[in-house]
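Data first, discussion second: the structure below is written as structure tokens.
So you know, we letter chains A, B, ... as the sequences are listed, proteins then strands, and number each from 1. Hydrogens, waters and symmetry mates play no part in the numbers below; they use all other heavy atoms, side chains included.
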Protein chains: 2
Amino acid sequence: MTAPADANSWQAIHAELMRRIAERVWQPGDPVPHEVDLAAEFGCARATVNRAMREIAQAGFIERRRKAGTRVALNPVRRATLEIPITRIDVESRGMAWRYELIERQFAHPSQIVAARMGLAADVRLLHVRARHFADGKPHLYEDRWIHTAVVPGALDADFSAVSANEWLVQNAPFTRGDVTLSAANASTIEARLLNTPENAALFIVERLTWHAFDPITHVRLVYAPGYRMEMTI
Amino acid sequence: MTAPADANSWQAIHAELMRRIAERVWQPGDPVPHEVDLAAEFGCARATVNRAMREIAQAGFIERRRKAGTRVALNPVRRATLEIPITRIDVESRGMAWRYELIERQFAHPSQIVAARMGLAADVRLLHVRARHFADGKPHLYEDRWIHTAVVPGALDADFSAVSANEWLVQNAPFTRGDVTLSAANASTIEARLLNTPENAALFIVERLTWHAFDPITHVRLVYAPGYRMEMTI
DNA sequence: CTCCATAATATGTGCAGACATAATAACGCA
DNA sequence: TGCGTTATTATGTCTGCACATATTATGGAG
């Protein structure tokens, strides 16, 4: 391979700096040499060192401030990246057959909690879509969604019987910001029936609220069948 | 007119490209103009456009391949970054008082599941540390941890009664890689007692396995008291 | 000694040019 | 026609330089 050829690549420098941090050559709280000095040491341009250090800073291992310099983070906040795919893709990528079933689609008043989270008046009417996703024929996910049709008028023409609201929105209602909340809850009577599981079973729950600028697009509560595990790496 | 002075900043270009993607100027699957052309359009250097597009690609909105070019992602995989702070900091940042209690610290054989996950033989002995974290006096988190002292010999001298294993490891056992699994489970008898909650209550569970190169450092199972919500933004 | 204006400095970013790399497109040969 | 070689091309990265910006350090006035 091109072994020492990339000795000056930002990735090689990234790796070397990470090694020094991991092996305590630079202790937590210690200052890290300046970009100019490191560039001289590695015999490369400052921009290359900057690229490497920027990535390390993004990962939370070092803290940088103009004029003050760079130091190894004392309490490195571990950042794990969670990938949130479309449910269909998620199921299929696990090698299972995906099926989708629309339960309900109608206008209604959301609960006060949902309305408050979306920053909407309590008497607003939203499109309420409830559906189930199956993996290999077994209930996998119960989706309870509220769509703000004032912001996504196209949703009025979609019936969500063939294409899931999940997928339709990804394709048709791009969002600029989203809040995700993960939690656990005991299965309610309805949830237990829909997911074919005992009442009070522990369920993994994802709530997602997406915005386009300052307008709430949709609030969805995803209730996964027992056994669901969400995996990510640091 | 220095108004468009930052018009050339990579962030301004980033915002403009994101706008075109969000507003469907470039449809999903569509090719995005080449860096050179965009640089000409914005009147900036190609490196600046590259910086903007690199960030967008990292966020998953576009896909880039040499020679093939850039296109808007068809099924944008949303990447959310989850920040995992030290528990003490997490509790204190929510304005609550943090207290820590060591339950047990002894060498033992891990369960087959844990040993397998860590890639260790079934008969290995690991340091087993169990502890509770309190928030405002109420049980907040039950921590069940296995430490591979062959990799972290310093842990032999730490008693974990004052400093939590959580915090000690962050400070003394840097890791290069970590696997995180999120799930939900019903409270076992022991967990219910330790967290002062009814048996079978739904609990939010984080399992984390960290590695230094190819050596497993520690496996921890964090069991949160009911009501815990993990929040993140996209 | 305190406070405020000013200088110094490390990082942040931009530019133009060059070469590297990966992957596709085109071509030529059998 | 089919296949392997070669050209082409868009992105990936590096360099050297310059200026911008955010902070800290300095020093002078009161």
How long is the span from the OG1 atom in Thr233(B) to the CZ atom in Arg177(A), to the nearest 0.5 Å? 9.0 Å
Would you please say whether a donor-acceptor pair under 3.5 Å links the side chains of Asn50(A) and Trp10(A)? no
From CZ of Phe42(B) over to C1' of dC15(C), roughly how many Å is that when rounded to an integer? 17 Å
With respect to Ile147(A), which candidate in Leu126(A), Ile217(A), Val129(A) satisfies the side chain to side chain contact (heavy atoms under 4.5 Å, CB included) definition? Val129(A)
Gap between atoms CG and C1', on Asp37(A) and dT9(C) respectively (whole Å): 12 Å
Once ring-ring contact (aromatic ring centres under 6.0 Å, His included) is applied, do any residues pair with Tyr224(B), and if so which ones, sequence neighbours excluded? His140(B), Tyr228(B)
Could you state the CZ-C1' distance from Arg71(A) to dA10(C), rounded to the nearest angstrom? 13 Å
Let me have a per-nucleotide readout for nucleotides 6-13 of chain D, 5' to 3', with B, S or -, counting only protein heavy atoms under 4.0 Å. --BBBBBB
Parallel, tilted or perpendicular: which describes the rings of His133(B) and Trp98(B), with under 30° parallel and over 60° perpendicular? tilted
List in chain and number order the residues that pass ring-ring contact (aromatic ring centres under 6.0 Å, His included) with His212(A), two or more places apart in sequence or in another chain; answer none if no residue qualifies. none
In whole Å, I'd like the distance from the CD atom of Gln58(A) to the C1' atom of dT11(C). 15 Å
